[in-house]
Amino acid sequence: MFNNRIRIKALLAQEPQGQEVTVMGWVRTFRNNQFIALNDGSTNNNLQVVVELGKFDEALLKRFTTSASLKVTGTVVASQGKGQTLELKATSIEVLGDSDAEAYPLQPKKHSLEFLREKAHLRFRTNTFGSVFRIRHALAFAIHQFFNEKGFVYMHTPVITASDAEGAGEMFRVTTLPFDNPPRNEDNSINFKEDFFGRSTNLTVSGQLEGELGATAFGDIYTFGPTFRAENSNTARHLAEFWMIEPEMAFCDLEDNMNLAEEFIQYLIRYAMEHNREDLEFLAQRLAEEEKALPQDKRSEMGLLEKLEFVVSNKFERLTYTEAIEILRESNHNKKKKFQYPITGWGMDLQSEHERYLVEKHFKKPVILTNYPKEIKAFYMRQNEDGKTVAAMDILAPGIGEIVGGSQREERQDRLEARMKEMHIPTEELWWYLDTRRFGTVPHAGFGLGFERMVQFVTGMTNIRDVIAFPRTPKSAEF
RNA sequence: UCCCCUUUAGCUCAGUUGGUUAGAGCAUCUGACUGUUAAUCAGAGGGUCGUUGGUUCAAGUCCAACAGGGGGAGCCA
């Protein structure tokens, strides 16, 4: 057996009593021809391996370059140095893989996030990305734990879909037809009957419609999978491929929906605070140092840990779209004409500057906005009795904006079909969706949470490309 | 897709009103030192100044187009 190693995180938690252990990892630095800082990805903390003078061949020492991989066996002793409590006095060191220091792109020094983005295949070996991706893992795990504890069924909705009627965004086409000479109909349009699925297909933009089918059988379901949008979005909070969590609950109204979303977000943050304390502390410090370079008015009022603590211990602010418009209209910010888009009145779509004002200036906490005008929302949202609004809710988070979008669904078949016709949604194509309303329809609701935006919020990373391993954005799909 | 900023050594940057051989710190390499903590000290190598075109006696520096990167907006999660 090759792997008899102990992980460095576990080793660092032990008492040094001269025990013999084997560790494997990558060299971060080699100081003074005597001290190897070894990292194995289990924690940002390195193990100090002591190479006693004269005990090892000079030629071997030359191979302890940055990111060379080592297998080290030795005895665990209390450290004489100041930076660590224990260290490993090496008795044998094997170089598993050499690393040419002149060619290896990551140097033992600070690198910009932009540079590391171009080295996305190696950036996990840095402290920042080590912390970010360990937290990403923890959050993914916590999502399943949360819903499992609540009795939800994890549902795998299809990645390839035939419906293009959801209206959530531009889609990526999936086809096996030859693009230089596709089969044509008589009117010269492309004949998708000859395509692989016998029809036009796309990558999914949302699992919601299928999720509703699950909810109206299991009661409560959630999806957690990749989602694709072919929008030409070039921002720090959009990806062409991202992961989304979409719970869908039968026997549930808008308020139940909001309660679940709020509890869910707080659960995830609390989970990371309990299980990833070290990584969060590292990222908090990184963020604090980064903000020192910013002018006073651009710095956050709270540190990362303070912010997370605040969000888990305070209720989210809930208000209706109508109330939000009133607050914005009466704000000094609006009266002094400081909004690029002035508040023209009820019915307008809120711009991100308006959302940011509500969240970051007015309430200074996450905000749940409800009951938007039906004109600016999707066809499946439940129409309110006022005839003007729908039972929608968006959760806005400081720093990243919309993190959750959800609604109570329109369960009344006549109302739903009428709305679909108004919005030119083809009812024939969605016959299977409408069947849920024909056969035992129930009040139900759900929401979508952008996983990467959640990871951004917890880690404090300002660019979404730094919280997914291999970001897919317009004109960019390296690796 | 639109607006703004940016591109000089492996990385982060400086480079004056256009003017001789384009600099620094870190990294790398060589040597010294040996309980170091981003070790330290000494020395060395390393550049098609994003690309193309233009203005000029002369362009890293001025102008244009294109490309890459960043910030903001729209679309949204």
Side-chain angles (χ1 to χ4, degrees), chain A residues 28-37 45-54 61-62 65-66 77-84 87 89 99-119 126-127 166-170 205-208 224 226-246 261 293-294 298 339-341 349-356 376-378 394-397 400-406 447-457 462-468 473-476 478:
Chain A
R28 282 287 172 85
T29 62
F30 181 38
R31 285 185 297 268
N32 228 346
N33 262 1
Q34 272 183 98
F35 305 100
I36 302 169
N45 295 320
N46 300 321
L47 174 68
Q48 171 150 290
V49 174
V50 181
V51 182
E52 286 173 285
L53 286 169
L61 302 191
K62 292 269 182 223
T65 52
T66 304
V77 297
S79 180
Q80 300 171 34
K82 282 194 177 131
Q84 57 284 315
E87 61 194 21
K89 195 174 279 190
S99 172
D100 179 352
E102 283 198 72
Y104 183 64
L106 305 188
Q107 299 148 9
K109 55 171 285 194
K110 278 223 160 80
H111 285 299
S112 67
L113 295 174
E114 292 81 12
F115 172 73
L116 291 170
R117 224 168 275 154
E118 290 169 11
K119 308 277 180 253
T126 64
N127 284 337
E166 293 160 38
E170 289 295 310
V205 292
S206 162
Q208 181 199 313
F224 182 16
T227 311
F228 308 87
R229 306 257 169 109
E231 302 286 346
N232 189 12
S233 296
N234 294 285
T235 78
R237 52 186 191 285
H238 288 89
L239 292 164
E241 175 182 310
F242 63 99
W243 287 65
M244 188 153 65
I245 300 102
E246 295 180 287
L294 296 176
K298 298 250 171 159
F339 285 125
Q340 197 189 331
Y341 297 88
D349 209 349
L350 296 179
Q351 304 292 318
S352 42
E353 59 172 343
H354 306 138
E355 297 179 349
R356 270 215 310 278
I376 57 174
K377 288 290 179 185
D394 283 0
I395 302 186
L396 312 174
I400 46 179
E402 186 176 344
I403 192 168
V404 160
F447 62 86
L449 178 139
F451 184 50
E452 281 75 18
R453 289 188 182 173
M454 188 68 210
V455 180
Q456 268 190 285
F457 187 74
T462 51
N463 194 311
I464 200 165
R465 292 161 207 186
D466 296 329
V467 299
I468 187 166
T473 53
K475 300 276 185 300
S476 173
E478 189 79 47

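What you see below is based on every heavy atom in this structure, not just the backbone, and it leaves out hydrogens, waters and symmetry mates.
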task = For nucleotides B/rG47 and B/rA14, find the distance between their C1' atoms and express it as a whole number of Å.
result = 15 Å

query = Considering residues at least two apart in sequence or located in another chain, which fulfil the side chain to side chain contact (heavy atoms under 4.5 Å, CB included) criterion with A/Ala230?
reply = A/Glu170, A/Phe172

What nitrogen or oxygen pairs link the protein and nucleotides 65-71 of chain B at under 3.5 Å?
unit_1, atom_1, unit_2, atom_2, d
B/rG70, OP1, A/Arg117, NH1, 2.4
B/rG70, OP2, A/Arg465, NH1, 3.2

inquiry  = Within this structure, what is the CG-CG distance for the pair A/Leu106 and A/Leu116, rounded to the nearest 0.5 Å?
reply    = 6.0 Å

task = Please state the P separation for the pair B/rC66 and B/rC4 - nearest whole angstrom.
result = 13 Å

request  = Check the distance between B/rA73's P and A/Phe339's CZ and give it to me in whole angstrom.
outcome  = 13 Å

ask   = Under 4.0 Å between a side-chain N or O of A/Thr227 and OP1 or OP2 of B/rA77?
value = no

query = With sequence neighbours excluded, what pairs up with A/Gln84 under the side-chain hydrogen bond (donor to acceptor under 3.5 Å, both in side chains) test?
reply = A/Ser79

Value in whole Å for how far the P atom of B/rG10 lies from CG of A/Leu116 = 17 Å

query = Do side-chain atoms of A/Glu241 reach the backbone of A/Thr227 as a donor and acceptor pair under 3.5 angstrom?
reply = no

note = Contacts of A/Glu402 meeting side chain to side chain contact (heavy atoms under 4.5 Å, CB included) (sequence neighbours excluded), chain-then-number -> A/Asp394, A/Leu396, A/Arg453

request  = Determine the interatomic distance between P on B/rA42 and the same-named atom on B/rU61; round to the nearest Å.
outcome  = 36 Å

Same-atom distance (P) from B/rU6 to B/rC62, integer angstrom = 10 Å

task = Determine the contact category for A/Leu239: base if any of its heavy atoms lies under 4.0 Å from a base atom, sugar-phosphate if only primed atoms, P, OP1 or OP2 are that close, otherwise nothing.
result = base

task = Could you list the residues that satisfy side-chain hydrogen bond (donor to acceptor under 3.5 Å, both in side chains) with A/Glu118, not counting sequence neighbours?
result = none

ask   = Which nucleotides of nucleotides 26-35 of chain B have their base under 4.0 Å from a protein heavy atom (B), which only their sugar-phosphate (S), and which neither (-), written as one string 5' to 3'?
value = BSSS-S-BBB

task = Check side chain to side chain contact (heavy atoms under 4.5 Å, CB included) between A/Thr65 and all other residues, then give those that pass, not counting sequence neighbours.
result = A/Ala68, A/Ser99, A/Ala101

query = To the side chain of A/Ser233, which of B/rA73, B/rC75, B/rC76 is closest?
reply = B/rC75

ask   = Of the non-hydrogen atoms in A/Glu87 and A/Ala78, which two are nearest, and what is the gap between them?
value = OE2-O, 4.3 Å

request  = Between B/rC57 and B/rG71, how far apart are the P atoms? Round to whole Å, please.
outcome  = 43 Å

ask   = Could you give the CD-to-P distance, from A/Gln208 to B/rA77, as a whole number of Å?
value = 9 Å

ask   = Under a 3.5 Å cut-off on both pairing distances, which runs of 3 or more consecutive Watson-Crick or G-U pairs involve RNA chain B?
value = B:1-7 with B:67-73, B:10-13 with B:23-26, B:28-32 with B:40-44, B:50-54 with B:62-66

query = OP1 or OP2 of B/rU36 less than 4.0 angstrom from a side-chain nitrogen or oxygen of A/Arg28, does that happen here?
reply = no

Atom C1', compared across B/rA73 and B/rG15: separation rounded to whole Å = 34 Å

request  = Could you state the atom-to-atom distance from CZ of A/Phe115 to C1' of B/rA9 in whole Å?
outcome  = 13 Å

inquiry  = Between C1' on B/rC75 and CD1 on A/Ile376, what's the gap in Å once rounded to a whole number?
reply    = 14 Å

inquiry  = Looking at every non-hydrogen atom in both residues, tell me the closest pair between A/Glu353 and A/Tyr341 and how far apart they are.
reply    = OE2-N, 2.7 Å

query = If you take atom types as modelled and just measure distance, does the side chain of A/His238 reach the base of B/rC76 with a donor-acceptor pair under 3.5 Å?
reply = yes

query = For A/Phe451 and B/rA77, is the gap between ring centres under 5.5 Å while the planes differ by less than 30°?
reply = no

message = Run the side-chain hydrogen bond (donor to acceptor under 3.5 Å, both in side chains) test against A/Thr235 and tell me which residues pass, sequence neighbours left out.
response = A/His238

query = Among pairs that include at least one residue of residues 100-117 of chain A, which meet side chain to side chain donor-acceptor pair (under 3.5 Å), considering only residues two or more places apart or in two chains?
reply = A/Ser67-A/Tyr104, A/Arg117-A/Asp466

request  = For nucleotides B/rC3 and B/rA77, find the distance between their P atoms and express it as a whole number of Å.
outcome  = 27 Å

request  = Would you please name every residue forming a side-chain hydrogen bond (donor to acceptor under 3.5 Å, both in side chains) with A/Asp349, sequence neighbours left out?
outcome  = none

task = Give the rounded distance in Å between these two atoms: CD of A/Glu353 and P of B/rA73.
result = 8 Å

query = So which one's nearest nucleotide on RNA chain B is more toward 5', A/Gly448 or A/Ser112?
reply = A/Ser112

query = Could you state the CZ-C1' distance from A/Phe30 to B/rA38, rounded to the nearest angstrom?
reply = 16 Å

ask   = Atom CD1 of A/Ile464 to atom P of B/rC76: distance rounded to whole Å?
value = 16 Å

With sequence neighbours excluded, residues passing side chain to side chain contact (heavy atoms under 4.5 Å, CB included) with A/Lys62 = none

message = Roughly how many Å apart are B/rG60 and B/rC13, using the C1' atom of each and rounding to a whole number?
response = 14 Å

inquiry  = Does A/Phe228 reach a base, just sugar-phosphate, or nothing at all? Heavy atoms under 4.0 Å.
reply    = nothing

